[in-house]
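Have a look at the structure below before the remarks.
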2 protein chains.
Amino acid sequence: MANNHQYHVAIVGATGAVGQKMLETLEDRNFPIKTLTLLSSKRSAGKTVRFQNKDITIQEATPESFEGVDIALFSAGGSVTKALAHEAVKRGAVVVDNTSAYRMDPEVPLVVPEVNADDLKEHKGIIANPNCSTIQMVAALEPLRQEYGLSRVIVSTYQAVSGAGNEANDELKNQSEAYLKGEDLSAEILPVKGDERHYPIAFNALPQIDKFQDNGYTFEEMKMINETKKIMHADQLPVAATCVRLPFFTSHAESVYIEVEKDNVSVEDFKQQLSNAPGIVLEDDPSTQSYPTPLSAEGKRDVFVGRIRKDLDHDKGFHLWVVSDNLLKGAAWNSVQIAEELIEKQLLTKK
Amino acid sequence: MANNHQYHVAIVGATGAVGQKMLETLEDRNFPIKTLTLLSSKRSAGKTVRFQNKDITIQEATPESFEGVDIALFSAGGSVTKALAHEAVKRGAVVVDNTSAYRMDPEVPLVVPEVNADDLKEHKGIIANPNCSTIQMVAALEPLRQEYGLSRVIVSTYQAVSGAGNEANDELKNQSEAYLKGEDLSAEILPVKGDERHYPIAFNALPQIDKFQDNGYTFEEMKMINETKKIMHADQLPVAATCVRLPFFTSHAESVYIEVEKDNVSVEDFKQQLSNAPGIVLEDDPSTQSYPTPLSAEGKRDVFVGRIRKDLDHDKGFHLWVVSDNLLKGAAWNSVQIAEELIEKQLLTKK
């Protein structure tokens, strides 16, 4: 940290899957907290949460909750952000928002610190945290793009249920137990809470994450496509995505195909580049069957890359396997990391 | 069937995951069986199996077991095929082999009946059944290739554990139960029985199917690449594959990106073409969240296709989601279908 100042931090959505990880991450990072205000919907208000050996009572989030707050970490759904983020900014807080509410707003920086920390300098009070599946992909691709250029991205994802919240975790657990007992499976949450149809996720794969858009892509796929271009400042970069929900609790994995601009780049070049990249751990040795998996990445803040291969037909084409904890680098850690950057860069006073 | 003749059929590997499905499929298809000989390793010999209301005792497979056999369906591993397939052919049987032993042998037709049934005419006693993940992909792509040409294939797979046999099914079941009870997971089979390291598959994803090759690709990936070219008679077709094992029991799913040769092809063109294709069921309507899943395809002989989208940056690029029961179209049904074609085409006498 750049100084010894301490901050008043608020978490909006403190009882959710990401909110819980935000608390853990602030504690792990020994974040310079003066006061911690935990906010939630009326339903969860009144519960207490343990933080640094103290009980903190969760309060209902209202515009007035943000009086005196320096940094507000939002993760309570897009409608809560839309109702309260500007209220927080009005009261002097800088908002780091983990929903999709303002991600594509040209006034709002969309930041993965390893990729575009300098975009924070343009913030006007709200900074957006990208979609989980986007964050880990751009973190892995940026060091390659810087060195070799990037002319194409095609990704197929393998995504954990916790991206859909604690209710989705419970659904996977309950369905798995039922399936193993030979009972019928009831599905009420996945693939998308509030959508018309629900399918079992236990021992299954659902090629739908978030709602379908008019172009036949899901919103999750369009988030990966549009957010990648915004974060990398690469409007013309072709990006294609197929997003699939799978029966595991934590970590997203991604099968990523890219084409670079430079000629004669080797797998060894890629490995060297990624070994030296911030936030990236190379885990790639076929001779010892070394590669990352969702279970091995769980609870870690890094992005893990393995299975790097050159395409057999395209000299500029490469395949990678990218895995990261969707609740940490994909959400809580990236948000806290943005907050740390704001302090480091002395950007906590909005323009 | 072309005539009323009945045949002496042998199944080698009758107690395995695929062998069991071969028995069910022969029964379901009312295959014209005069005599059914069930063969296995010495270890499983002596067990009895119920078929068409009769108990059949499984015998140890020896060269002499094939005396009088017309059609021998092999699914007991490559070493058994190498030891016994030619012995069976010597005794007048035609072998349909579900292992990788002879798939790339130029003397051996590699057949998916919807794609290259005519290759059966060149058989010299052995016909190879392709790898499960290859079969469903080429079945889905062939009707598109015929109409629009095909210039590129990039696939990421989502594969069921049953492709690694009954032991892998048991491992997924046991690990899932242990995980849900909060117990430690022990891994002894997956990703590859007999390989050095084992990883838990329950609530996880393993980016390794079959052993690593010197080029960094796994053997499963190379099977998809090489077999696709052979089946489609398209040596120059660029095919890339990333193969991933997932925690479900049955059906493989595939996220497939292709480029066609013709201009101005639409998603509607694709849908019409696939609707009329043999063995393909189109299940693709975003407005009703209709798409195939591993659970919905289980127990069915068809190949299901959904999530058809045009690439947003490449006018000749399309994305598809292809799902099929890996033990049926991927193995048992494709083998029985080859046997039916051999009868239909009067090809049971080897050249």
Side-chain angles (χ1 to χ4, degrees), chain A residues 152 154 156 158 172-173 176-177 179-180 191-192 195-197 199-200 202-208 212-213 215-218 225 238-240 242 244 246-251 253 255 257 267 286-296 306-314 317 319 321 323, chain B residues 152 154 156 158 172-173 176-177 179-180 185 191-192 195-197 199-200 202-208 212-213 215-218 225 238-240 242 244 246-250 253 255 257 267 286-296 306-314 317 319 321 323:
Chain A
R152 187 148 204 205
I154 300 174
S156 295
Y158 300 71
L172 172 57
K173 187 168 177 291
S176 298
E177 287 170 345
Y179 187 101
L180 292 167
V192 184
D195 214 345
E196 294 281 319
R197 288 174 76 174
Y199 294 97
F203 305 104
N204 205 9
L206 303 181
Q208 182 191 358
F212 280 101
Q213 310 295 290
N215 65 0
Y217 286 74
T218 61
I225 292 167
V239 181
T242 299
V244 182
L246 289 168
F248 41 84
F249 293 98
T250 312
S251 306
S255 169
Y257 170 75
V267 167
S287 76
T288 58
Q289 295 173 261
S290 295
Y291 39 71
T293 70
L295 281 184
S296 69
R307 297 291 337 266
I308 303 172
R309 290 153 289 154
K310 186 172 265 211
D311 193 87
L312 297 174
D313 300 291
H314 195 303
H319 303 270
W321 174 250
V323 185
Chain B
R152 188 149 203 205
I154 300 174
S156 296
Y158 301 70
L172 172 58
K173 187 170 177 292
S176 299
E177 286 170 346
Y179 186 101
L180 292 167
L185 307 186
V192 183
D195 213 344
E196 294 281 319
R197 288 175 75 174
Y199 294 97
F203 306 104
N204 205 9
L206 303 181
Q208 181 191 359
F212 280 101
Q213 310 294 290
N215 65 359
Y217 286 74
T218 60
I225 292 167
V239 181
T242 299
V244 181
L246 290 167
F248 41 85
F249 294 98
T250 312
S255 169
Y257 170 75
V267 167
S287 75
T288 59
Q289 295 173 260
S290 295
Y291 40 72
T293 70
L295 280 183
S296 70
R307 299 289 338 265
I308 302 171
R309 291 152 289 155
K310 185 173 266 210
D311 193 86
L312 298 174
D313 300 292
H314 195 303
H319 303 270
W321 174 250
V323 186

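Lettering of chains follows the sequences in order, A, B, ..., and the numbering in each one begins at 1. Quick caveat, the model's predicted, so the values are computed rather than measured.
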Discussion item. Need one label for L172(B): side chain, backbone, both or neither, based on atoms under 4.5 Å from any heavy atom in chain A.
Written reply: side chain
Response to the item:
Bottom line for A253(B): the part with an atom under 4.5 Å from chain A's heavy atoms is neither
Worksheet item: Using a cut-off of under 4.5 Å for heavy-atom pairs, which of P247(A), P207(A), G306(A) has the most such pairs with chain B?
Response: P207(A)
Worksheet entry | Heavy-atom pairs under 4.5 Å with chain B, option from T288(A), V192(A), L206(A) with the top count | T288(A)
Fill in: Region of T250(A) in contact with chain B, defined by heavy-atom distances below 4.5 Å
neither
Worksheet item: In terms of heavy-atom pairs under 4.5 Å with chain B, which of A240(A), G317(A), S296(A), A205(A) leads?
Response: A205(A)
Discussion item. Between R197(A) and S290(B), do the side chains contain a donor N or O and an acceptor N or O under 3.5 Å apart?
Written reply: yes
Discussion item. At a 4.5 Å cut-off on heavy atoms, which part of V239(B) comes close to chain A: side chain, backbone, both, or neither?
Written reply: backbone
Worksheet entry | Contact winner vs chain B - T293(A), N215(A), I308(A), heavy-atom pairs under 4.5 Å | T293(A)
Item to complete: Classify the ring geometry between Y199(A) and Y291(B) as parallel (under 30°), tilted (30 to 60°) or perpendicular (over 60°).
Response: tilted
Worksheet item: By a 4.5 Å heavy-atom criterion (distance strictly below it), what part of P191(A) contacts chain B: side chain, backbone, both, or neither?
Response: side chain
Practice prompt. Tell me, out of D195(B), D311(B), T218(B), I225(B), who's got the most heavy-atom pairs with chain A below 4.5 Å.
Written response: D195(B)
Worksheet, complete the sentence: Note: S251(A) and P294(A) closest approach over all heavy atoms is OG-O, 2.8 Å
Practice prompt. Indicate yes or no for a side-chain donor-acceptor contact from Q289(B) to the backbone of E196(A) under 3.5 Å, with no hydrogens or angles considered.
Written response: yes
Practice prompt. Just give me the residue among N204(A), D313(A), L180(A) that pairs up with chain B most often, heavy atom to heavy atom, under 4.5 Å.
Written response: N204(A)
Worksheet item: chain B heavy atoms under 4.5 Å from I154(A): which part of the residue, side chain, backbone, both or neither?
Response: side chain
Fill in: By ring-ring contact (aromatic ring centres under 6.0 Å, His included) - contacts of Y158(A) (at least two apart)
W321(A), Y158(B)
Practice prompt. With a 4.5 angstrom heavy-atom cut-off, could you sort out which part of L246(B) is near chain A: side chain, backbone, both or neither?
Written response: side chain
Discussion item. Assess, by modelled atom type and distance only, whether the side chains of T242(B) and R309(A) contain a donor and an acceptor separated by less than 3.5 Å.
Written reply: yes
Item to complete: Would you indicate whether the side-chain heavy atoms of P200(B) and L295(A) approach each other to under 4.5 Å?
Response: yes
Discussion item. Can you tell me which portion of S287(A) sits under 4.5 Å from chain B's heavy atoms? Options are side chain, backbone, both or neither.
Written reply: neither
Item to complete: Select, from L312(A), V267(A), V323(A), the one with the greatest count of heavy-atom pairs under 4.5 Å involving chain B.
Response: L312(A)
Worksheet entry | Heavy-atom contact with chain A under 4.5 Å, split by part of F212(B) | side chain
Fill in: Which residues share a ring-ring contact (aromatic ring centres under 6.0 Å, His included) with F203(B), sequence neighbours left out
F249(A), Y179(B)
Practice prompt. Identify the two heavy atoms, one from Y217(B) and one from H319(A), that lie closest to each other, and give their separation to 0.1 Å.
Written response: OH-CD2, 3.6 Å
Fill in: Backbone N/O of P286(B) and side chain of R307(B): donor-acceptor pair under 3.5 Å
no
Worksheet entry | Which atoms of Y257(B) approach chain A - backbone, side chain, both or neither, heavy atom under 4.5 Å | side chain
